[in-house]
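Predicted model, so just to flag it, every value in this text is computed and none were measured. Sequential numbering from 1 along the given sequence is applied to the chain's residues.
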Amino acid sequence: MISRHINREVIGEFGRLYEQQYAVALFNKVRFDIEGGGGPQPQLLHRKVPLENRSIFSGAIFQFLEENKKWRNRFFFVPDTYNINYYDNKTSHERGLQPKGTINCAGYKVLSSMDQYWELLNNSLPGVKAKVGQSPILKCATQFPVILWHPYARHYYFCVATLKEQQKWFAVFQDCVRHTNDGLSEEDKVQTPAFTDAVRLYRQAHGHYGTWEMMCGTPPQILANLVMETLLPEIRELITPRLKGKMQERQRNWMLICDAVYSLVVRQAQAQYEAVVESCEAGRPPLEASIRTDMDQIITSKEHVTNKIKAAVLPKAEKLLKVSIQPYISSILEALMDPTSRGFTEVRDVFFRELVDMSKNTVNDGDKDKVGEHMEKISMLAFHPVKMQSCYEKVEVLSLDGLQQRFDVSSPSVFVQRAQILMREQMDNAVYTFEQILHQSLEGQGSEGLCNTIQRCQDRVLKKFDYDSSTVRKRFFREALLQIFIPYMLKQLTPSVASELPRFQELIFEDFSRFILVENIFEEVVLLSVMKDIMMAVKEAAVQRRHNLYRDSIVMTNSDPNLHLLGDSSTIDWAEEYGSGQAQGEKAADGDETAQRRRRLKQVVSMIQVDGTPVQVNESCLEVPSVGGIPEEEVEDQAASAQSSPDSVHQEPVNANGTSPKVKRKAPLPPVQPANNSTPALSNGAVLKEGEPAVVSSSAPEVQAKILEDVHQEAESDPESAASAIQSAIQQLEDAVQQEDSESLAEASEVPPETVAQVSTSSQVPREPRTQEETNPSSSEDVSSPLTSDEAGAAEVVSNAGGKSETLAQDGETVQINDSETGKKEKVKD
């Protein structure tokens, strides 16, 4: 009842403000279309659909499930909308099944430590405190957590095994938050300004001036945050005394209540916002016709009222400006300029390094196919969160210490996020312009002189990037200073001016009253009073050249008169055009249309996987049995070194029938490859070098030669199945060697070959003992058995060290032990 009452009250007041601001925004848009706007023209091209036929990333990560209090391995997929979809496994995604859930990251914070999480959690519910270092709600399975925290919505908990994985996932989740926070379309010149002005006026009417950290997401989400800003204190006061139980139970119940209320508010806000927008859009045609008819009279009337308000407000505004604003402009501007300029410089360096790497590789393999292969990777550089992370980190050090309370700045994250979005746009513009220029230059050109062509295109684009970067940064500095100073001045001037504003409304004709509002004119007058000082401060910073800013007098015009024509060209598919994507295209011809589209969908970021570690099994939803079930990096290194040691021979007890006893054990770790070796490991622990066939010492040369010949043919016909073909060949060779050794051993001991077990040829890495779960794969849903069903009944060699060999009969009837030193034979009957 409380949520519905407050929701209707807040949305009702917002709807009234939105209708007023909609007419004003429509008038400003029509006036801009008629009169046009000035300012320098950008030199770089802009990509209209940046992520066409692209996905961001996919990979597996352990997620904590609150339903059963367990950690489970989930497959995550992020499309071009940046909404995170998660599945039980990769197969479910490839089959087109519905995801288990979807995470919209708007308003979230990405945390990489439990201490940060406990601090935020303690502040959300007064009176319920968790001590730092304790785990009142969950116990992280590793020391590398990744947490998505929201002040109102559900929290999500993840963990990984290594620091490098944590950094990669942190960058990916940060990019999702950054993109979804920017949910208001800048291309809509009517709805977006009307919405932002209505939200700002509503918060100012309730005494909230300054920047707002929760101004993020789509309009319904922002409205829900606006409602929760009023609703949450009342719910906390009502619910907190009724929460019973232990500390962790009260925290958990409070989080569940907040999430349920927030979900309800979002649904109601979306329905009411859509109704308001639909009503305004329905009345747009007559409003626009009236504006175009009476444009001159409206402008004249507005200027008359503006002059009257200036006479009443400007003296007070200038006095406040001189005392409280001018002394702080230079210090705030310097705090903004240094990290922002470092970030844009890093963007330029990252782009330059990618082009240099492409030029170096083109020198070695100078053909267009190689250029196309590199351009396919560079084309989505701006949307690669891992490669762009170094650029974003430069801006995150931005701090306004000592000024936040004075000017009512809730957090510098508003400016950090805006700068990061501008950096990504500039990177994409530079990459897209380079693509178009290079593609045009390569038409009709052979493989000769590719490096010179790339160098010329690179120099042209970098020059344009420097100019656009200067223009974008200067505009960002001006906007940031206005967002800091204007709310402060409005807060100081409103008490003395608010009583005088109603009399100015009488000077406006009734027919024009919908397009001219005295509240908006009052803010415009305050803006004009401080704009002169801000422009002067930014201009002086450009003259000093400390941050590589161009002077306002330097204007690049018509440097490439025909470049804008390339901006209308279609997206370049480098892989398809230069032949490297033909094989994939042929494969995509089979199957239904959905499967073909999924195959054609290119991924910006490869699957998150630490170099040198085996690919995570995603065919089943793996479960972490306990905190100790996920080994740390040191444990994995020790296990790998123990397995790779030739002196390490593991002996297991064996029953008389040749089977392993049923002992509960943890699932054996897969073999870990060295960090500097990305080639697949063989079954015996050796590493197969790239481009070389598997060689097994055998006295059956005909079988070996035939298998290797088949491997070469299969690898040439289908490169993607080369790895599986190699593994199959290795298995066949091992079977042949085992059969040969078994026959020779049977002849030496005068035992029929059919009673002799197969002997393993690997002495370096012994096979792990099979538990009950491994011998019966169907009994465990969570951990896949590392052995095949064919090996379940086979006997194993326990030890062959010290000159002794122990051979176990497969069916358990006879166990023959041959001691080569004494020559004695013993037979053990079952």
Side-chain angles (χ1 to χ4, degrees), residues 32 36-50 186-187 189 337 340-356 358-359 375 378-383 388 391 394-395 418-443 452-480 535 538-539 541-572:
F32 181 83
Q41 296 297 321
Q43 298 295 310
L44 296 172
L45 299 176
H46 178 69
R47 198 193 307 260
K48 296 179 180 178
V49 186
E186 297 182 2
E187 298 179 357
K189 303 301 182 182
M337 291 177 66
T340 305
S341 298
R342 289 177 183 271
F344 276 85
T345 302
E346 183 68 15
V347 170
R348 189 185 193 277
D349 293 342
V350 170
F351 177 63
F352 178 75
R353 287 195 296 266
E354 292 289 335
L355 298 185
V356 170
M358 183 176 67
S359 299
M375 286 304 304
I378 296 177
S379 61
M380 289 291 107
L381 179 61
F383 300 93
M388 290 290 294
C391 307
K394 300 291 184 181
V395 191
R418 180 59 182 167
Q420 291 173 342
I421 292 173
L422 294 175
M423 289 160 55
R424 185 180 62 190
E425 291 178 356
Q426 285 301 110
M427 173 67 86
D428 188 54
N429 292 343
V431 170
Y432 181 61
T433 306
F434 180 80
E435 277 190 279
Q436 297 295 333
I437 295 177
L438 180 62
H439 184 263
Q440 184 186 47
S441 301
L442 292 179
E443 292 180 355
N452 294 332
T453 302
I454 294 174
Q455 183 66 35
R456 288 195 300 270
C457 298
Q458 169 187 309
D459 294 340
R460 292 172 61 187
V461 173
L462 289 178
K463 183 178 180 181
K464 298 176 183 298
F465 175 86
D466 291 338
Y467 181 80
D468 281 6
S469 170
S470 174
T471 303
V472 169
R473 279 181 290 154
K474 288 190 291 185
R475 184 172 66 246
F476 166 73
F477 297 147
R478 290 193 293 264
E479 292 176 353
M535 294 287 291
V538 175
K539 184 177 180 180
V543 172
Q544 295 176 1
R545 299 184 179 181
R546 292 183 56 188
H547 302 288
N548 195 23
L549 294 174
Y550 284 98
R551 298 184 181 182
D552 295 340
S553 58
I554 301 177
V555 179
M556 294 180 62
T557 57
N558 297 327
S559 58
D560 276 327
N562 299 325
L563 181 62
H564 69 281
L565 300 177
L566 298 177
D568 298 330
S569 304
S570 58
T571 303
I572 302 172

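- Nearest heavy atoms, F351 versus F434: CZ-CB, 4.1 Å.
- Rounding to the nearest 0.5 angstrom, the gap separating the CD atom in Q420 from the CG atom in L422 is 10.0 Å.
- Here CG of L45 is found 10.5 Å from CD of E435. Values are rounded to the nearest 0.5 Å.
- Here the closest heavy-atom approach between residue S469 and residue F344 is recorded as OG-CD2, 3.5 Å.
- With values rounded to the nearest 0.5 angstrom, L462 atom CG is found 11.0 Å from T433 atom OG1.
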**OP:** Decide side chain to side chain contact (heavy atoms under 4.5 Å, CB included) for V461 and L438; before the verdict, give the C-alpha distance in whole Å, the side-chain angles of both, and the deciding distance to 0.1 Å.
**Re:** CA-CA 10 Å; V461 173; L438 180 62; over 6 Å; no
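- Counting heavy atoms from C-beta on, the side chains of Y432 and H46 never come closer than 4.5 Å.
- Between S379 and D428, the closest heavy-atom pair is O-OD1, 4.4 Å.
- Checked by atom type, the side-chain pair R473/T340 shows no donor-acceptor distance below 3.5 Å.
- Separating the CG atom in D349 from the NZ atom in K394 is a distance of 9.0 Å, to the nearest 0.5 Å.
- In this structure a side-chain-to-backbone donor-acceptor pair under 3.5 Å is present from D468 to Q43.
- Between the side chains of T471 and R475, no donor-acceptor pair is found at a separation under 3.5 Å.
- In this structure, SG on C391 lies 12.5 Å from CD on Q426, to the nearest 0.5 angstrom.
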**OP:** Evaluate the criterion side chain to side chain contact (heavy atoms under 4.5 Å, CB included) for residue pair V431 and R47; output intermediate values, then yes/no.
**Re:** CA-CA 9 Å; V431 170; R47 198 193 307 260; 4.1 Å; yes
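- The two residues M388 and M423 make their nearest non-hydrogen contact at CE-O, 4.5 Å.
- In this structure, a donor-acceptor pair under 3.5 Å is absent between the side chains of E425 and N429.
- Atom NZ in K474 sits 10.0 Å away from atom NZ in K539 (nearest 0.5 Å).
- Of all heavy-atom pairs spanning F477 and S341, the tightest one is CZ-OG, 4.4 Å.
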